[in-house]
Amino acid sequence: MLTPLLWALLATFLLHDAQAASAAQWRDRSIYQVIIDRYALSNGSDPTLCNPSAQTWCGGTWNTLRDNLDYIQDAGFTAVWISPVQQNWQGERTPYGDAYHGYWIQDSTQLNEKFGSSDDLLALSKEIHQRDMYLMVDVVVNDVMALSTNPDYSIYMFKDASYYHTYCPVDYSNTTSEQLCWLGDTNVTLPDVDTTNPTVISQYGSWISELVHTYSIDGLRIDAAKHVDADFWPTFCGAEGASGIFCMGEVFGGLDVEDAAEWQGPLDSVLNYPMYTALTQAFQIPGPLNITALTETMSQGKQLYKDTTVLGNFLENQDLPRWASGSVDVQTLYNAMTFNFMTDGIPIVYYGQEQYFSGAGDPLNREPLWPSNYTKTDAYKFIQMLNQFRNYLVNSTASTSNPWTTAETQVLTASQYGIAIMKGDVITVLTNVGSPAQNNTHIAVATPYDRNTALTNILTCEQWVVGSQGYIDVQYTLGGQAVILHPSTILAANKSPVCSGLVQTSQGVDDDSTTLSNAALSVVRSNFRLTLWAVDSVVIAVVLSMALGWRWS
């Protein structure tokens, strides 16, 4: 008979085993990223006192996030990524403000009391899981925070200087320097932990194992991953590491795919910075509108990444300017977001993106969310549609031999005006022309579908009909709207919640339908023009025959 202690140990093991999510499970999710201090206030708090420029705490906690999860779940997200839970700097205010963001670590063995208690974090985790969502926690292991190059190490988890690299400023052109030297500057230093030290490896392993088990954490986002010795990560991350769970690493960079891809292996996944950079170059207005950057990044990614389907796709985060700060046209946001949801990888939305926040960089890109009143803006509703459709694709194909999430994205066509991709049986056509009408601009796409195949535009629920030789033609007489096309018969057969009751499985327009999208009209008009051309040819032939007949008589 098992003793109470053994029952407790068994229950802990089973709980972790049940909730520990693999890369394959995370592939199916979409993530909403939250900075705890800026997401929600408690009742009775003054909502006007949070100025991002002040770089101080505004009052968000684990409890206030827990009380406002409906906003995230209603948007269709299936995972929440929260800022680090580790204790942050407890000393005087720094030249760059206070540690409201959660990334200035002091003692990792303690929780950040600014965000709440252990019970509060447990309650948040429990509520997230009761909603069938995953919890991703940001962790920092590369460094701690100090105000000098000779700090008092007794306040940290590792309490002796021998556990840290000797101070040196980082040379970002040198990989060794990136891993051995200190991030930050001489105003706020970030003493670099020696992750090759056996004691560090062992104690970090014990700490992360306990943290994951205690709070039922499903995944980790790793801050500054490329600044840590690569051999450390297999001991810490993944099914064989101490955490036992999925890890997505931050490998900050630009278009260099090779620089990011080398870290997928030591880590399960990385944030796809090369694709983010390519998306800004391809879609932002003003900008180079360089679609080639996008296609080349996709091509290189297929060659260099171990698995593109678990990469993190994003347009914003706490270290980058908001999309709206660099692009004046809202359709560029919609098109770029659609790409992230409809291509390989795990879509991530940074809080406030759905509210068109426009902070130009740290600290202005860390705005409080509550002044928005959590309004369900057009961007919020657009994300709802993207999540609803992606979740449908995940759920309807998960038990098949060809799950949608593992299908490799193919480029069908690309031009200076946009790109058409296909993943599984979904065709997505995106453009960088922006909101104004473009009467003489179109994208012709050769599809694998037969002529007259009925497709549904997921974003409008209106019918498209495949034209001659399997082509569809997207025109932009009403501006540059994204298009997502899925075979109507599949939607109907799967009883899809997407466009429920609006799917037409036969060619043509129902009598009850009174409107067509601009793009759908282009297809109908294209077929109509072909019909008119055929009729005109017959009429011309008849007239000529009559004329010639007269002449010959």
* Asked: Heavy-atom distance under 4.5 Å between the side chains of Ser488 and Gln504, does that happen here?
  -> no

* **Electrostatic pair Arg66-Asp120, nearest N-O below 4.0 angstrom** => no

* Taking every non-hydrogen atom, the tightest pair across Ile443 and Leu430 -> CD1-O, 3.8 Å

* Do the side chains of Val330 and Asp378 get nearer than 4.5 Å, heavy atoms only? -> no

* **salt bridge (Lys or Arg N to Asp or Glu O under 4.0 Å) assessment of Asp37 paired with Arg366** => CA-CA 9 Å; Asp37 185 67; Arg366 300 168 180 183; over 6 Å; no

* From CG (Leu294) to CE (Met275), nearest 0.5 Å -> 6.0 Å

* **His486: which of Trp464, Phe389, Trp404 passes ring pair (Phe, Tyr, Trp, His ring centres under 6.0 Å)** => Phe389

* Structure fact -> residues 384-395 vs side-chain hydrogen bond (donor to acceptor under 3.5 Å, both in side chains), sequence neighbours excluded, gives Ser30-Asn387, Tyr392-Asn494

* Partner residues of Thr377 under the side-chain contact (heavy atoms from CB on, under 4.5 Å) criterion, sequence neighbours left out -> Gln355, Tyr356, Thr375, Ala379, Tyr380

* Member of Asp223, Ile222, Asp138 meeting the side-chain contact (heavy atoms from CB on, under 4.5 Å) criterion with Glu250 -> Asp223

* In chain order, what residues pass the ring pair (Phe, Tyr, Trp, His ring centres under 6.0 Å) check against Phe246, with sequence neighbours excluded? -> Trp26

* Partners passing ring pair (Phe, Tyr, Trp, His ring centres under 6.0 Å) against Phe236 (at least two apart in sequence or in another chain) -> Phe232, Trp233

* **By side-chain contact (heavy atoms from CB on, under 4.5 Å) - contacts of Ser42 (at least two apart)** => Ser45, Thr64

* Mind checking whether Tyr305 and Pro274 have side chains closer than 4.5 Å, heavy atoms only? -> yes

* More than 12 foreign heavy atoms under 6.0 Å from NZ of Lys302: is that the case here? -> yes

* Asked: Would Val137 and Tyr215 count as a side chain to side chain contact (heavy atoms under 4.5 Å, CB included) if you check the C-alpha gap in whole Å, the side-chain angles of each, and the deciding distance to 0.1 Å?
  -> CA-CA 10 Å; Val137 173; Tyr215 299 104; over 6 Å; no

* So, for Met133 and Ile72, which heavy atoms are closest and what is the spacing to 0.1 Å? -> CE-CG2, 3.9 Å

* Go through the steps for Thr400 and Asn402 under the test side chain to side chain donor-acceptor pair (under 3.5 Å), then give the verdict. => CA-CA 5 Å; Thr400 69; Asn402 297 299; 5.8 Å; no

* Measure the shortest side-chain to side-chain distance between Val85 and Ile36 over non-hydrogen atoms and say whether it is less than 4.5 angstrom. => no

* Asked: Do you see a donor-acceptor pair shorter than 3.5 Å between the side chains of Gln33 and Gln353?
  -> no

* To do: Would you check if Asp74 and Lys376 make a side-chain contact, meaning some heavy-atom pair closer than 4.5 Å?
  => yes

* Begin with the C-alpha distance, continue with both residues' side-chain angles, and end with the deciding distance and a verdict on side chain to side chain donor-acceptor pair (under 3.5 Å) for Thr405 and Thr309. => CA-CA 7 Å; Thr405 52; Thr309 67; over 6 Å; no

* For residues Thr406 and Arg27, determine if any side-chain heavy atom of one lies less than 4.5 Å from a side-chain heavy atom of the other. => yes

* **Criterion ring-ring contact (aromatic ring centres under 6.0 Å, His included) on Tyr374 and Tyr71, from CA distance to verdict** => CA-CA 7 Å; Tyr374 305 94; Tyr71 176 79; 5.3 Å; yes

* For Thr447, what residues pass the side-chain contact (heavy atoms from CB on, under 4.5 Å) criterion, not counting sequence neighbours? -> Ile427, Val445, Tyr449, Val466, Ile472

* Looking only at heavy atoms, what is the nearest atom pair of Met422 and Gly424, with distance? -> CE-O, 3.5 Å

* **ring pair (Phe, Tyr, Trp, His ring centres under 6.0 Å): pairs with one or both residues in residues 318-347, sequence neighbours excluded** => Tyr334-Phe382

* Are any side-chain N or O atoms of Glu367 and backbone N or O atoms of Gly359, one a donor and one an acceptor, separated by less than 3.5 Å? -> yes

* Is the backbone of Thr431 close enough, under 3.5 Å, to the side chain of Asn335 for a donor and an acceptor to pair up by distance? -> yes

* Asked: Salt bridge between Arg29 and Asp218, side-chain N to carboxylate O under 4.0 Å?
  -> no

* Structure fact -> The salt bridge (Lys or Arg N to Asp or Glu O under 4.0 Å) partners of Asp67 (sequence neighbours excluded) come to none

* What residues form a ring pair (Phe, Tyr, Trp, His ring centres under 6.0 Å) with Phe252, not counting sequence neighbours? -> Tyr273

* Structure fact -> With sequence neighbours left out, the residues meeting side-chain contact (heavy atoms from CB on, under 4.5 Å) with Ala398 are none

* To do: Please assess Tyr103 against Gln318 for the test side chain to side chain donor-acceptor pair (under 3.5 Å), listing each intermediate value before the final yes or no.
  => CA-CA 11 Å; Tyr103 291 91; Gln318 77 282 1; 3.2 Å; yes

* **Pi-cation contact, Phe115 with Arg38 (under 6.0 Å, within 45°)** => no

* Sequence neighbours excluded, which residues qualify as salt bridge (Lys or Arg N to Asp or Glu O under 4.0 Å) partners of Glu296? -> none

* Using salt bridge (Lys or Arg N to Asp or Glu O under 4.0 Å) as the criterion, list what pairs up with Glu354, not counting sequence neighbours. => none

* To do: Would you check if the side chain of Asn457 reaches a backbone N or O of Glu462 as a donor-acceptor pair within less than 3.5 Å?
  => no

* Just by distance, do the side chain of Thr409 and the backbone of Asp344 share a donor-acceptor pair under 3.5 Å? -> yes

